[in-house]
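To start, the structure itself, in structure tokens.
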Number of protein chains: 2
Amino acid sequence: MSSIDIRQQLAHLPLFHQLSPEQLSELAGHGKTLRVDKGETLFRRGDACDGMYAVVYGKVKLTLMSPQGVEKVMEIIHPGQSFAEAVMFLGKPMPVEAQTLEDSLLLHIGAAGIFQILAADPNFARNMLAGMSMRLHGMVRDVERYSLESALQRVIGYLLQQLDAGADQPATLTLEANKNLIASRLNLTPETFSRVLQQLAKAGLAEVNGREIRLSDPAALSRYGLDAG
Amino acid sequence: MSSIDIRQQLAHLPLFHQLSPEQLSELAGHGKTLRVDKGETLFRRGDACDGMYAVVYGKVKLTLMSPQGVEKVMEIIHPGQSFAEAVMFLGKPMPVEAQTLEDSLLLHIGAAGIFQILAADPNFARNMLAGMSMRLHGMVRDVERYSLESALQRVIGYLLQQLDAGADQPATLTLEANKNLIASRLNLTPETFSRVLQQLAKAGLAEVNGREIRLSDPAALSRYGLDAG
DNA sequence: CGGACGGTTGAGTCTCGTCAATAAGCGTGG
DNA sequence: CCACGCTTATTGACGAGACTCAACCGTCCG
């Protein structure tokens, strides 16, 4: 794949939107496209990190492994999003494992390229800082969930978050992955996740149909978490 | 307090180490020193964020509050460290509450100052990115703890982390705050934390004396967590 | 002295995870 | 087209780990 193509892919990523044509070209010189089949491992915990990744299409899961071999999903990366930027800056080994959930097209951008643009373009630095801040913010939310909320509340919170904010009317959403992965993401066993969804269904708040979930009354759902929590 | 003093305080902070004298002066113009008594609240969740903070001396805790009013300690900030940088970039309201644990001297640096330096100095941008990356890395560790480890393992992990890395000999450490706060930090109740420490004492692995804890054999302690998990 | 605070200990409860059995989809290949 | 295996999902019975509630102790401080 030529570097022209890489350039175009880069240009579509939010992180790189404001870069000049020259900067894009420069960056493209440090980039590689990767076509990866579903289920492939990109890197494991402990691997050296020589750059960051971005998803053009497909999905990638970032996971932790317990000593007993239980997998915990940290994040599910969607098209347009990137990952491993933070590790790249620290020069530490990867703290998580990355695996594709679907056949995917990824970009890998070497650290050198990023550092060059960074040195030249203050706006880019701000963009990266903003991106990293969002990550951090998301993690704070996660820790908050795990620490303070019950299984029921975590599921409700997740469902509401999947909705476009401010939806006060009935709405339908599609789970971003299979239920096992979502459960892990929420730090639940698949069994518990299933039971909670049933509970919501019986309470008349949700209608579950495979990965499709219809929420008849988001506001009521939100309240339900507080009482029955 | 004059801006000269602020300049000197800023110069001592790791985050600003590599700034030029002129940049320090500029930054100082946007900074204020704050003397804060123990137990004072700096800001609450939801407050607007107009800049970042750094601790010169004293300690600050960042906490979350559950709807039921239970407090969860996210982080304990020590001298030389900073906080709220990430929120500043997002322009979002504060996601946590900040309170001093001791009489403290803090610096508050307005967002405008940071953005100016950022635009002018690529090295500063890299420093901030590195700082943010470390934060993120720490959060990953936390999530890992909360998700995959038992109470016993969390306590052991915490104790070992407090040791200077690679201590294979008996060592003594002092808890950075009272046991209630540490317990919260580890996502445990004070009762559970106390019980776990007793368990370690009975196993001959730790000797608890108020906030002083002596670990007779860190390596054995590490192993103990895996078996008795 | 009395009270607040920090810490420990015990007894009971409950949420959630574990284990196990059973469906229900789904792609493959005969 | 259906049988087969594999993954995904559901449901039940059971158990364990951590939280809750409560009593109690030591110490510091007004």
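Each chain gets a letter, A, B and so on, in the order its sequence line appears, and its residues count up from 1. Just so you know, these numbers come straight off a predicted model, no measurement behind them.
- Classified by interplanar angle (parallel below 30°, tilted 30° to 60°, perpendicular above 60°), the ring pair B:Phe43/B:Tyr53 is tilted.
- Of the listed nucleotides (C:dC16, D:dC19, C:dT18), D:dC19 has the atom at the smallest distance from the side chain of B:Thr189.
- Atom-to-atom, CZ of A:Arg154 to P of C:dC16 comes out at 7 Å; the value is rounded to the nearest Å.
- With a 6.0 Å radius and a threshold of 12 heavy atoms from other residues, nucleotides or ligands, B:Lys92 has its NZ atom at or below the threshold.
- Atom pair A:Tyr146:OH and C:dT15:C1' shows a separation of 18 Å (rounding to whole Å applied).
- Regarding A:Leu188, its CG atom lies at a distance of 14 Å from the P atom of D:dA9, rounded to whole Å.
- Here CG of B:Leu221 is found 5.0 Å from CG of B:Leu160. Values are rounded to the nearest 0.5 Å.
- Put simply, CD on A:Glu149 is 17 Å from C1' on D:dC19, counting in whole angstrom units.
- Checking B:Lys59, B:Arg141, B:Arg135 one by one against B:Glu75, the salt bridge (Lys or Arg N to Asp or Glu O under 4.0 Å) holds for a single residue, B:Arg135.
- We find that CG of B:Asn187 is positioned 15 Å from C1' of C:dT15, with the value rounded to whole Å.
- Partners of A:Glu71 according to the salt bridge (charged side-chain N to carboxylate O under 4.0 Å, His left out) rule, which considers only residues two or more places apart in sequence or in another chain, are A:Lys61.
- Partners of A:Ser194 by side-chain hydrogen bond (donor to acceptor under 3.5 Å, both in side chains), not counting sequence neighbours: none found.
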Would you tabulate the pairs of protein nitrogen or oxygen atoms and nucleotide nitrogen or oxygen atoms of nucleotides 6-12 of chain C closer than 3.5 angstrom?
from	atom 1	to	atom 2	distance (Å)
C:dG7	OP1	B:Lys179	N	3.3
C:dG7	OP2	B:Lys179	N	3.0
C:dG7	OP2	B:Asn180	N	3.4
C:dT8	OP1	B:Lys179	NZ	3.1
C:dT8	OP2	B:Ser194	OG	3.1
C:dT8	O5'	B:Ser194	OG	3.2
C:dG10	N7	B:Arg195	NH1	2.9
C:dG10	O6	B:Arg195	NH2	3.4

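- Rounded to whole Å, the distance from NZ on B:Lys38 to P on D:dC28 is 13 Å.
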